[in-house]
Amino acid sequence: MVAVFSVATALPKFKVVAEAEVDAFPSFLPKDVNRIKDPFARTLATRIQRLPVSVKFSENPIMSSCVKPLIQNKANPVVLLHGFDSSCLEWRYTYPLLEEAGLETWAIDILGWGFSDLEELPSCNVVSKREHFYQFWKSYIKKAMILVGPSLGSAVAIDFAINHPEAVEKLVLIDASVYAEGTGNLATLPQMVAYAGVYLLKSIPLRLYANYLSFTNISFSTAVDWTNVGRLHCLLPWWEDAAVDFMTSGGYNVASQIKMVKQKTLIIWGENDRIISNKLAVQLHCELPDAIIRQIPDCGHLPHVERPDSVAKLIAEFVQTSTKAVNQCAPSL
C-alpha cells in the first residue's frame, strides 16, 4: 500500500514508524544532526553506517557511508544515489516506502559527499567516484542493480552503467541533470576563489533559496529544517577539500554517452521543476534507446522528497516489469 505525503504540511503519513532517540545517532555524524526536527530524517540518520571499501587510489580502505537494507533477498536490489553535494538523507521519505514494498534497498553516499570518512582525502573526481562505487558494489551488493539517480545523480548513474554494465540491470533517472558540461569555468578557478565558492555553497541563505527553487509549496519552518538536513554533511571537516577537488576536476559530462545506455530506463520528472526544464526530459527520452517517461504533477525538482508516494510506486512497478518495449519518443509532456 502506498502512503500519502502532504508537502504543504510536511507531515508524512506513513505506516512506517519514524522515531529516533538522540543518542542513537552514529558518532561520526556532525552534532548538528540533533537540530533536525524531521522524524523521518532523524530515523534514517540512525541507520547510516560506514563500511570499509578498498580502492586503488587510496592506501587505506575508505570508511564509506550508506544505509544498508535490513533484509537482503534473491531479487536484484534497488540502489539509491543522491544529487549534487547531498547525502543519503535525501531518501528519508521514499526509502521506508521502498522497504515497505518488500524491495531490498540501499542508499549510497557518493564519494566526496555524504558522511564517509575522508580524513585522508582521496581524489574525488569522476573516475574516483566511479571506482569507489564499483568497489562498494563488488564488496557488498554483488547483484545487478536497479540504479536510481536524481538530478546530478543521474549523470553518476549513466556514467556507471556505461562503464560497468554488468552491475546495472535497470536505471531510474529523476529530474536528470545530464546535459551540463561538467563544472564548466569553475574548473579553472584559482584555489582561493574555489574555496570561497564552496564556503558560499554551504551557507544557510543559499541552501534556503535552493529549497524554495526546488519545491513547489513548503512553509518557512519546513524549508529551514530541510536546509539543516541538506547541509549536514557540509559540516564534516573534509567537506571543503572534497568539494574543491571535484569542482576543479571538471565534473560530469555525459551528454554524448546517453545514446550508449543499454539498460531499460524509467525517467521521472516533476511537472513544476524550476531547476531543469521538462523539455530536457523529452530530449532525454528521445535519446535513450529503451526508456519510458512519467511526470508527477504539482511537483518540483526533487520528487522523491516532495512526492515520495508517487516515486516509490513508480519504482516498485518498474522493478516488477520485465518486458522490453520499443521506445517511442514522447512529443511533449
Side-chain angles (χ1 to χ4, degrees), residues 25-29 44-83 86-91 94-95 98-99 102-150 152-172 233 236 238-239 242 245-246 249 252 254 261-263 315 319:
F25 294 126
S27 60
F28 56 77
L29 292 183
L44 197 61
T46 66
R47 290 185 56 184
I48 298 174
Q49 58 184 287
R50 285 174 171 172
L51 301 176
V53 176
S54 297
V55 292
K56 298 174 184 177
F57 55 87
S58 176
E59 184 176 338
N60 298 313
I62 297 171
M63 297 304 295
S64 306
S65 50
C66 67
V67 178
K68 187 177 178 181
L70 296 175
I71 298 174
Q72 293 177 251
N73 51 46
K74 294 181 179 180
N76 287 354
V78 173
V79 177
L80 309 172
L81 301 175
H82 54 73
S86 186
S87 77
C88 57
L89 291 177
E90 239 181 62
W91 292 98
T94 304
Y95 190 99
L98 294 172
E99 281 197 324
L103 301 173
E104 178 185 327
T105 308
W106 295 74
I108 309 295
D109 280 339
I110 299 165
L111 181 71
W113 299 316
F115 304 102
S116 297
D117 184 355
L118 304 182
E119 188 171 359
E120 296 179 14
L121 188 72
S123 170
C124 293
N125 60 26
V126 170
V127 173
S128 297
K129 290 180 190 296
R130 183 196 311 139
E131 164 71 7
H132 172 261
F133 184 30
Y134 176 71
Q135 294 301 333
F136 187 105
W137 172 81
K138 190 176 179 181
S139 298
Y140 300 105
I141 301 174
K142 302 178 182 179
K143 294 177 289 186
M145 306 173 284
I146 292 83
L147 183 57
V148 184
L152 188 68
S154 293
V156 179
I158 286 174
D159 172 82
F160 189 83
I162 289 171
N163 284 278
H164 298 291
E166 75 283 3
V168 182
E169 179 194 10
K170 296 179 180 179
L171 285 173
V172 179
H233 68 286
L236 291 172
W238 44 80
W239 174 80
D245 188 79
F246 175 72
S249 73
Y252 283 90
V254 301
V261 172
K262 291 182 169 51
Q263 291 86 353
I315 291 175
V319 168

K.L.:
Could you measure the distance from the CG atom of Asn73 to the NZ atom of Lys143? Nearest 0.5 Å is fine.
P.N.:
5.5 Å

K.L.:
Between Ser54 (side chain only) and Pro61 (backbone N and O only), is there a donor and an acceptor less than 3.5 Å apart?
P.N.:
no

K.L.:
Is the backbone of Cys124 close enough, under 3.5 Å, to the side chain of Asp245 for a donor and an acceptor to pair up by distance?
P.N.:
yes

K.L.:
Using 30° and 60° as the class boundaries, would you call the ring planes of Phe136 and Trp106 parallel, tilted or perpendicular?
P.N.:
perpendicular

K.L.:
Report yes if the side chains of Leu152 and Trp113 come closer than 4.5 Å at any heavy-atom pair, otherwise no.
P.N.:
yes

K.L.:
If only atom types and distance count, is the side chain of Ser64 paired as donor or acceptor with the main-chain N or O of Ser116 below 3.5 Å?
P.N.:
no

K.L.:
Please round to the nearest 0.5 Å and tell me the distance separating atom CH2 of Trp91 and atom OG of Ser86.
P.N.:
10.5 Å

K.L.:
Please state whether the rings of Tyr252 and Phe246 are parallel, tilted or perpendicular, taking 30° and 60° as the class boundaries.
P.N.:
tilted

K.L.:
Within this structure, what is the SG-NZ distance for the pair Cys88 and Lys68, rounded to the nearest 0.5 Å?
P.N.:
14.5 Å

K.L.:
Output the distance between atom CD (Glu169) and atom CD1 (Ile146), rounded to the nearest 0.5 Å.
P.N.:
4.5 Å

K.L.:
Using side-chain contact (heavy atoms from CB on, under 4.5 Å), reason through Ile108 and Trp137 one step at a time and then give a plain yes or no.
P.N.:
CA-CA 10 Å; Ile108 309 295; Trp137 172 81; over 6 Å; no

K.L.:
Does any part of the side chain of Pro26, heavy atoms only, come nearer than 4.5 Å to the side chain of Gln49, both counted from C-beta?
P.N.:
no

K.L.:
State the NE2-CD distance between His164 and Glu166, to the nearest 0.5 angstrom.
P.N.:
6.5 Å

K.L.:
At what distance, to the nearest 0.5 angstrom, does CD1 of Ile71 lie from OG1 of Thr105?
P.N.:
11.0 Å

K.L.:
Could you give me the CA-CA distance, side-chain angles and deciding distance for Val67 and Leu80, then say whether side-chain contact (heavy atoms from CB on, under 4.5 Å) is met?
P.N.:
CA-CA 10 Å; Val67 178; Leu80 309 172; over 6 Å; no

